[in-house]
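Counting starts at 1 for both ligands and their atoms, following the listed order. Here the structure is a predicted model, which means the values were calculated and not measured. Computed from heavy atoms alone, side chains included, the values below leave out hydrogens, waters and symmetry copies.
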Amino acid sequence: MEKSPHVMLSGAGADLFSREQGLEQADPDWFALPERRRQLEEMKRMGADWFDVDMKYGTVGAVALDTSGHVAAATSTGGITGKRWGRIGDSPIIGAGTYADDRAGAVSATGSGEYFIREAAAHEICARIRLLGQAAKAAADAVIAEVGKLGGTGGVIFVSRSGEAGWSFNSSGMYRGRASAAGTQVGIYGDE
Ligand code: ASP
């Protein structure tokens with residue numbers, strides 16, 4: 001954000017830039033876990049479709065509002081198991097899986113990225129807050145319902161510029177937490 005005029009870099013160019021900036025490097029093997037390899041082998045053996053409806057997503061996201069009223073969103077992902085080489089999900093696409101706008105709020109998503117991209121989900125939530133004056137929870141619920149109508153599953157965490165922090169999801173659960181001056185809260189399943 002501060003060391004280049006660009007908004008988005010990918011692949012080899014992004015790797016080169018990170019090396020030039022002196023960021024710690026890790027070999028791709030470092031990210032390989034025996035359990036994830038086992039799941040991939042099982043998927044291949046079963047000849048399963050590339051999209052597994054029982055898939056547990058592994059994306060990690062964070063949203064924040066600072067004391068000056070600025071919002072930020074971050075999303076880190078390994079994508080989905082069995083994806084095609086070169087597939088890009090929603091997480092790095094600004095407006096789809098990640099978005100922050102001081103006029104509305106910040107959103108980070110997890111789920112079947114193809115549907116969050118189609119819906120431009122994170123931006124759509126911010127647009128509802130900004131243009132319709134919706135509360136963040138109502139905006140997030142409406143957009144997750146639309147993602148669901150397209151066939152997508154997953155959820156979002158959000159914080160609005162007014163400090164309304166929360167989540168919305170249509171999966172059976174989503175690991176989540178919230179911290180504010182009022183205290184902290186964590187949850188996994190839908191009814192917590
Ligand atoms: N949204 C991610 C993707 O589609 C997957 C996830 O949330 O775990 O790449």
Side-chain angles (χ1 to χ4, degrees), residues 7-15 18 26 28 30-44 46 48-64 72-101 105-127 136 139-159 165-178 186-190 192:
V7 168
M8 195 169 188
L9 292 169
S10 74
D15 278 344
S18 76
W30 186 86
F31 297 97
L33 300 174
E35 173 58 11
R36 299 292 283 147
R37 284 214 177 275
R38 190 198 61 71
Q39 288 170 346
L40 177 62
E41 290 313 318
E42 184 183 330
M43 190 177 205
K44 284 185 187 162
M46 287 162 48
D49 201 355
W50 71 272
F51 186 72
D52 174 2
V53 288
D54 292 325
M55 179 156 342
K56 304 287 180 292
Y57 301 109
T59 292
V60 178
V63 291
T75 314
S76 173
T77 192
I80 54 176
T81 306
K83 64 187 177 232
R84 273 194 78 96
W85 179 249
R87 180 253 189 196
I88 297 174
D90 60 320
S91 309
I93 298 179
I94 301 307
T98 308
Y99 197 64
D101 179 347
V107 177
S108 175
T110 182
S112 44
E114 278 65 19
Y115 299 94
F116 285 76
I117 294 172
R118 289 185 177 100
E119 179 69 16
H123 181 273
E124 188 77 357
I125 292 168
C126 289
D141 284 349
V143 170
I144 289 300
E146 284 171 7
V147 167
K149 259 189 246 157
L150 292 175
T153 57
V156 292
I157 53 170
F158 58 77
V159 63
W167 38 73
S168 178
F169 52 92
N170 66 6
S171 42
S172 54
M174 186 174 81
Y175 290 85
R176 58 198 185 273
R178 169 164 57 189
V186 293
I188 299 178
Y189 297 105
E192 291 173 64

Less than 3.5 Å between some nitrogen or oxygen of G113 and one of ligand 1, yes or no? yes

Considering K83, R87, E114 one by one, which has a heavy atom nearer to atom 4 (O) of ligand 1 than any of the others? R87

Before signing off on this row, confirm whether S112 and ligand 1 have an N or O atom pair separated by under 3.5 Å. no

Are G111 and ligand 1 in contact, using a heavy-atom cut-off of under 4.0 Å? yes

State whether the number of non-hydrogen atoms from other residues, nucleotides or ligands found under 6.0 Å of R38 atom CZ is greater than 12. yes

Is there a nitrogen or oxygen of G89 sitting under 3.5 Å from a nitrogen or oxygen of ligand 1? no

Closer than 4.0 angstrom: is that true for some heavy atom of G79 and an atom of ligand 1? yes

Where does M174 meet ligand 1, judged by heavy-atom distances below 4.0 Å: at the side chain, the backbone, both, or neither? neither

How would you list, by chain and number, every residue that makes a side chain to side chain donor-acceptor pair (under 3.5 Å) with T75, sequence neighbours excluded? T98, S108

Would one find more than 12 heavy atoms of other residues, nucleotides or ligands at under 6.0 Å from atom CD1 of I88? no

Give the numbers and elements of all ligand 1 atoms closer than 4.0 Å to a heavy atom of T110. 6 (C), 7 (O), 8 (O)

Working to the nearest 0.5 Å, report the span between OG of S18 and CG of L9. 9.5 Å

Looking only at non-hydrogen atoms, find the nearest pair between V156 and F116 and report the distance. CG1-CE2, 4.2 Å

Flag for T153-N170: side-chain donor and acceptor within less than 3.5 Å: no

